[in-house]
Protein chains: 2
Amino acid sequence: MTTSRPLRADAARNRALLLAAAADEFAEHGLGASVADIARRAGVGKGTVFRHFPTKDDLIAAIVLDRIQALAAIGERLLDSGDPGAALLEFLTAAAQQRQQRDLSFLQEAGDVRPEVGKARTAMFQTIDTLVDRAREYGVIRTDVTGTDVILLMCAPGYVANSLPDAAPDLWRRYLAIIFDGLRPEGAHPLPQPPPDLL
Amino acid sequence: MTTSRPLRADAARNRALLLAAAADEFAEHGLGASVADIARRAGVGKGTVFRHFPTKDDLIAAIVLDRIQALAAIGERLLDSGDPGAALLEFLTAAAQQRQQRDLSFLQEAGDVRPEVGKARTAMFQTIDTLVDRAREYGVIRTDVTGTDVILLMCAPGYVANSLPDAAPDLWRRYLAIIFDGLRPEGAHPLPQPPPDLL
DNA sequence: CGATAAGCGGACCGGGCGGTCAACTTGCTA
DNA sequence: TAGCAAGTTGACCGCCCGGTCCGCTTATCG
């Protein structure tokens, strides 16, 4: 990797401040937020932003990558869990929670702005796939539901914050519960359309 | 209202071309798409855009309003339907279908750019609320699910197009089905958090 | 068909954007 | 604590965007 010598103390602090400020700014104004505003919010000069991130897209990619890898780490840890059903629910909870903390709808806007982001996403999807396979074999979700299904379905609860500004802060749990009920084998109705194979 | 004299034939045609071109351009590049590109796509000059829509926001509002009112009309019609369960499913199908035709994720970005848009949205939400009340009384959905719940949940299937570019064109039916299963009373589990009252 | 006003187009403008740079400051190390 | 490389800064640049404007075109109607 490109692990050169460690950052100077103040540089490391500024980098962290910038990532936080950028996430907040993007949450409030979308990806259109200006680099100058981000710098002001972080309390640094504009030049400092470009020293840490050569372009605005690099800054965006750094944030997105951070979130994806955080989720991937949680998923990986849950692979060793004893109860596959609880593991899947816990993962989906973590995903919804992450989206809820800050408004992360700009992640949708961002897409895969850098190839590394796509790579990380694919890796995380693979983890989810395994998580779902185990839950299915364990009998806690329908036999006709795939990992891809769950990946797409799990987008929904996170949008709550955005759509309903003054909602209770853990309302997303309610929607996660409804969707999880739809995944359960008990009251399952036959599904149209065979699922596609992501990856 | 401001119903002045009818548009000239060519002007009406250009207005329609512009709305379509703008929807396509916003779908491809987000709300950041430039007015000049929209004009080029519609085959008209940039000045023509501003003749029909004084500002870019007015153009955005016109598109959003169009989609909301189309959905609202469908909902209104379904209020007179005999089977409340089928009516609700049909409405949700129409909503997902609309989102699928073009990538409408930029609607999220837009928010209520003009007060009239908020008004129209509130009106549509009220229609959905009635639709859901009837379905609940009919026993086809859980007693603890509200209109607001359905409004938020119905966002999910539409995002399929955006997240999975090469998916089958009617894959959203699959996700709508799963969510609808989660709404059914049969395998329902108790829900956390009392629902908020939208409106 | 001719007059007229509604509609059209694209050069043009000011502002704000992403990105650069050279002078200055500061944490690290010997 | 002296020296220096790493880090910071904000004025600056060129580009592109939303929006204006006015000379030209054309649908409409008596």
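Below, read A as the first sequence line, B as the second, and so on, with proteins coming before strands; counting in each chain starts at 1. Here the structure is a predicted model, which means the values were calculated and not measured.
For the pair B/R8 CZ and D/dA27 P, the computed distance is 7 Å after rounding to whole Å. Protein atom CG of B/D10 is 19 Å distant from nucleotide atom P of D/dC24, rounded to whole Å. When the P atom of D/dT28 is taken as reference, atom CG of B/L7 falls 11 Å away, rounded to whole Å. Atom CZ of B/R13 is separated from atom C1' of D/dT26 by 12 Å (rounded to the nearest Å). When the P atom of D/dG18 is taken as reference, atom CG of B/D57 falls 10 Å away, rounded to whole Å. Summarising the geometry, the separation between CD1 on B/I60 and C1' on D/dG19 is reported as 14 Å, rounded to the nearest angstrom.
Of the residues in residues 30-54 of chain B, those placing a heavy atom less than 4.0 Å from an atom of DNA chain C are B/V44, B/G45, B/K46, B/G47, B/T48, B/R51, B/H52, in numerical order.
For B/D112 (side chain) and B/R114 (main-chain N/O), no donor-acceptor pair under 3.5 Å exists by modelled atom type. Under the 3.5 Å distance criterion, the side-chain polar atoms of B/Q98 are matched with a main-chain donor or acceptor of B/R67. Between the side chain of A/K56 and the backbone N or O of A/L31 there is at least one donor-acceptor pair closer than 3.5 Å.
Inspection of the A/T130 and A/D133 side chains reveals no N or O donor paired with an N or O acceptor under 3.5 Å.
With D/dG7, C/dG19, D/dT28 as the candidates, the nucleotide lying closest to the side chain of A/K56 is C/dG19.
By the 4.5 Å heavy-atom criterion applied to side chains, B/F53 and B/L19 are counted as neighbours.
A salt bridge does not link A/E186 to B/R184: none of the charged side-chain nitrogens sits closer than 4.0 Å to a carboxylate oxygen.
For A/N14 and D/dG7, the shortest distance from a side-chain N or O to OP1 or OP2 is not below 4.0 Å.
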